[in-house]
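Report on one structure; see the data block that follows.
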Amino acid sequence: MKERLLYHFFSDDDFLRISKKITDAEKTTSGEIRVGICEKKKFRDRKKNIRKLAEEEFYRLNMHNTRDKTGILLFLLLSERQFYILADEGINSKVSQNTWDGVRDEILSKFIEGQYTKGITAGVEKVGKILTEHFPIKTDDTNELSNKIVIG
């Protein structure tokens, strides 16, 4: 049986580390962070770019339905070694694209070194800090979205 591409980059323990990092990051923000990993494009999606795939995953995961529109997705397409950070409109109204480009560059520097888990966890931590500045935790905050990694 052929080993999944996913396990060339991550172990099951890595997924637990990333999920814990999401949980920790969300302790200080009302934002909702998700990590989605796709091994490869489906045949029907072969002409779609990484942003379009991230948008579809964002809506599939109902990330657009958070109370304050504060969902953010870190989406990876492993077969093409691409990733995209997609934030909802509540976040985009307060945080510039340049900020996300900076986070992207930090993640990318770890990926280039082959440190995929460190890249994702550092990215999640940075996203959490940015969200905390603009969307601090509220007294009535609930965790609206799962912190588990989504593998598609």
Side-chain angles (χ1 to χ4, degrees), residues 4-12 14-26 29-135 142-152:
R4 292 182 68 180
L5 178 63
L6 184 69
Y7 291 109
H8 290 278
F9 296 89
F10 303 100
S11 70
D12 289 334
D14 292 333
F15 296 135
L16 293 173
R17 277 187 206 85
I18 295 166
S19 291
K20 181 170 180 354
K21 187 60 78 174
I22 294 169
T23 300
D24 291 346
E26 289 184 356
T29 179
S30 60
E32 293 289 334
I33 304 166
R34 302 275 336 241
V35 173
I37 301 173
C38 181
E39 289 188 287
K40 62 182 182 177
K41 289 181 183 179
K42 293 181 174 111
F43 182 76
R44 71 171 188 263
D45 295 333
R46 68 190 180 282
K47 293 183 180 179
K48 294 177 183 171
N49 65 22
I50 187 75
R51 179 184 171 95
K52 181 66 175 163
L53 294 170
E55 287 171 352
E56 289 177 0
E57 186 74 351
F58 190 90
Y59 285 101
R60 188 182 74 76
L61 297 173
N62 287 317
M63 294 185 68
H64 60 293
N65 286 332
T66 60
R67 178 174 69 178
D68 297 318
K69 302 291 186 196
T70 54
I72 186 164
L73 175 65
L74 283 73
F75 181 76
L76 287 79
L77 178 58
L78 296 179
S79 63
E80 297 185 24
R81 295 200 170 30
Q82 295 179 335
F83 73 99
Y84 196 84
I85 301 171
L86 183 67
D88 206 348
E89 60 192 47
I91 294 172
N92 287 334
S93 70
K94 294 186 176 187
V95 182
S96 74
Q97 184 60 45
N98 287 344
T99 302
W100 302 130
D101 292 346
V103 174
R104 177 201 63 211
D105 293 346
E106 284 184 43
I107 294 170
L108 188 57
S109 70
K110 296 288 185 206
F111 284 3
I112 289 169
E113 297 170 1
Q115 299 178 356
Y116 300 100
T117 302
K118 279 189 179 176
I120 295 297
T121 55
V124 166
E125 187 173 337
K126 185 76 171 179
V127 166
K129 287 178 181 174
I130 294 164
L131 292 180
T132 298
E133 286 175 36
H134 299 281
F135 306 96
T142 58
N143 189 19
E144 297 177 78
L145 300 171
S146 171
N147 295 342
K148 290 183 180 175
I149 309 306
V150 179
I151 300 169

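Along the sequence shown, residues carry numbers from 1.
A donor-acceptor pair under 3.5 Å is formed between the side chain of Glu39 and the backbone N or O of Leu6. Between the side chain of Ser19 and the backbone N or O of Phe15, at least one donor-acceptor pair lies under 3.5 Å. A distance-only check finds no donor-acceptor pair linking the side chain of Gln82 to the backbone of Leu77 [under 3.5 Å]. The backbone N or O of Glu144 lies less than 3.5 Å from no partner atom in the side chain of Thr142, so there is not a single donor-acceptor pair.
Salt bridge present: Arg51 and Glu55 bring a charged side-chain N and a carboxylate O closer than 4.0 Å. One finds a salt bridge joining Asp14 and Arg17 here, because a Lys/Arg side-chain nitrogen approaches an Asp/Glu carboxylate oxygen to under 4.0 Å. For Lys48 and Asp45, the salt-bridge test passes: some basic side-chain N is under 4.0 Å from an acidic carboxylate O.
Ile37 places a side-chain heavy atom less than 4.5 Å from the side chain of Phe10.
Judged as a side-chain hydrogen bond (donor to acceptor under 3.5 Å, both in side chains), and not counting sequence neighbours, the contacts of Thr132 are Thr28.
In plain terms, the two heavy atoms of Glu80 and Lys41 that are nearest each other are OE2-CE, 3.2 Å. Pairing each heavy atom of Asp88 with each of His64, the nearest pair is OD2-CA, 3.3 Å.
Remark: Lys126 NZ is loosely packed, at most 12 non-hydrogen atoms of other residues, nucleotides or ligands lying under 6.0 Å away.
Atoms CG and CG, from Asn147 and Asp24 in turn, are 9.5 Å apart once rounded to the nearest 0.5 Å. Interatomic distance, CD of Glu56 versus NZ of Lys52, reported as 5.0 Å (0.5 Å rounding).
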Worked verdict on Phe111 versus Phe83 for ring-ring contact (aromatic ring centres under 6.0 Å, His included): CA-CA 10 Å; Phe111 284 3; Phe83 73 99; 5.2 Å; yes

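For Tyr116 and Phe9, the gap between ring centers is short of 6.0 Å.
Applying the side-chain hydrogen bond (donor to acceptor under 3.5 Å, both in side chains) test to pairs two or more places apart or on separate chains, those with a residue in residues 101-115 are Gln97-Asp101, Asp101-Arg104.
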